[in-house]
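A short write-up of the structure that comes next.
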Amino acid sequence: MNESERQLVDLYLDDELPVAESAALLERLAQDPQAVAYLAERSLLFTDLRRSAKRRNLQQWAVASSVTPMEHRGTAKPGASRWLSWRPLAAAAAGIVLGMFCTSVVWAYSMNPRKVTLLHEGFEHSPLIVHQAFPTAFSQWSVDTGDLVGPEQGASPKEGGRMLRLEPKADDKFTRAHYIVNLRQIPAFSRSGAHTVQFQVSACPRRQDRPLCAPSRYLLTGLGSNRTGMDEDWLGGGAGSRPLVCGPRRWGLERDRGLDHHDAFHQGASGSEPHGVVFMGGVDGGEA
Amino acid sequence: VQDDSEIDARERLARLWLAAEPTVNAYVFAAVRGLHDAEDVVQQVALTAARRYDEYDASRPFVAWALWLAKSRIADHYRKQGRERVVFSAAMLDQLAEALSHPEPERSARQEALERCIEKLPEKSRQLLERRYEDDSTMEDVAAAVNSTVASVRVMLFRIRNLLAECIESELAKETL
């Protein structure tokens with residue numbers, strides 16, 4: 001390979017080469033195994049540079065993150081069997097960044113971070129759409145079958161005045177609730193660059209036949225600029241879906257437990273479009 | 001409730017994927033145009049690896065299996081694209097996978113060597129890399145930020161990457177002595 005072709009490889013990997021020229025370059029590379037090896041080496045270097053940049057960016061972000069104590073709200077109250085109550089979905093920026101399955105590096109900073117609550121989402125002021133697989137807007141709950149109710153039949157909300165009652169579905173035993181958090185409400189996410197946000201989901205689903213919190217599942221999945229950018233396979237998957245997707249535009253995680261889990265999401269530096277995080281929760285079993 | 005064997009399998013998969021993911025990234029980013037499209041394909045590979053993990057033969061390198069899965073996901077991506085596309089032949093995808101199937105310890109050493117090499121760069125070069133990769137800026141943005149032309153920035157980045165590639169090789173050679 002000559003110098004000019006090597007420069008073209010860089011332009012190609014930088015996505016700066018027009019389609020026609022890219023195709024012509026690849027045709028030439030295909031004739032020469034050493035050229036393919038060079039493309040592989042160069043692609044590794046580009047990948048490593050991006051990884052290195054992300055790590056440096058996160059370190060800078062961690063050092064610069066703001067620090068104020070996180071509010072603790074609500075206390076558990078005893079509830080009766082049949083009704084499901086979700087404590088609010090709280091989103092908080094944190095100084096600890098945890099790598100997940102799909103990330104390539106696990107980051108951890110021992111800088112004594114404190115949390116600041118930036119969002120505190122719950123049922124108190126949010127509208128509910130019933131019989132919808134998905135909310136039609138930010139800050140809106142959707143549920144397959146159910147209703148927002150106050151204390152009833154011996155069950156009361158963990159905090160606030162309203163709780164979500166899920167009811168069994170005829171065709172699917174996994175009843176789901178969705179909520180989209182608007183990351184643009186978080187000041188750091190309204191700016192360009194890389195950011196990390198940590199979500200805390202607290203829920204105690206109760207079933208008629210179980211006095212304690214029932215097994216439940218929730219997903220937190222990053223959302224791109226519009227809903228059509230998401231994978232459809234997990235949306236319809238219910239209990240069987242195990243999405244493990246992540247990256248600057250989408251992330252996913254599944255938990256089979258109900259109480260107080262924290263997940264950190266990293267927004268890549270390339271993310272200039274609006275972002276949201278989808279929360280999906282539900283309860284396994286016939287009756288909730 | 002998950003049993004221990006399922007948890008063990010998930011942990012093994014997570015460890016294997018963490019080690020293989022940079023190589024899969026490099027493979028997909030070489031074969032798929034557009035950062036976001038490439039990221040989507042990598043996510044699909046991760047999904048496929050998770051779903052089909054029970055098919056993985058542990059006596060063979062995981063990275064080779066992951067690249068084999070990636071080849072199929074890349075082919076899926078090509079099929080979804082319109083006419084304006086750049087497509088690797090199956091033979092070239094195989095060649096690329098072969099070239100990328102480094103032993104995993106070497107991949108880790110490369111990343112560490114890169115960090116050392118970046119530290120050795122002149123400040124101006126580091127800043128240029130920072131603007132290009134940390135901020136993920138376009139060439140036009142980088143050129144405007146450093147008060148230069150796009151063509152100059154391209155050449156400068158090409159030279160910086162060459163320096164880094166040479167430095168990495170030199171660092172790795174030192175380790176094998």
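Note that this is a predicted model, so its numbers are computed, not measured. Proteins get letters first, then strands, A, B, ... in listed order; numbering begins at 1 in each.
Contact annotation for Glu3(A): both backbone and side-chain heavy atoms come within less than 4.5 Å of a heavy atom of chain B. Only the side chain of Leu11(A) comes within less than 4.5 Å of a heavy atom in chain B; its backbone stays farther off. For a residue to count as touching a neighbouring chain, one of its non-hydrogen atoms must lie under 4.5 Å from one of that chain's; by this rule Ala113(B) does not touch chain A. With a 4.5 Å cut-off on non-hydrogen atoms, Glu41(A) touches chain B through its backbone and its side chain both.
Remark: Arg6(A) is positioned above the aromatic ring of Tyr38(A), its terminal NZ or CZ atom under 6.0 angstrom from the ring centre and at most 45 degrees off the axis. Cation-pi geometry between Arg33(B) and Tyr12(A) is met: under 6.0 angstrom from the ring centre, within 45 degrees of the axis.
Among Leu13(A), Leu17(A), Val36(A), the residue with the largest count of heavy-atom pairs under 4.5 Å with chain B is Val36(A). With chain B as partner, the option from Leu29(A), Asp48(A), Leu39(A), Thr47(A) having the largest number of non-hydrogen pairs under 4.5 angstrom is Asp48(A).
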Query raised in the report: Please walk me through it: do Asp14(A) and Arg154(B) pass salt bridge (charged side-chain N to carboxylate O under 4.0 Å, His left out)?
Result: CA-CA 10 Å; Asp14(A) 262 330; Arg154(B) 283 174 179 159; over 6 Å; no

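With sequence neighbours left out, the side-chain hydrogen bond (donor to acceptor under 3.5 Å, both in side chains) criterion links Glu5(A) to Arg28(A).
Proximity of the aromatic rings of Phe62(B) and Tyr56(B) is defined here by a centroid distance below 6.0 angstrom, and this criterion is met.
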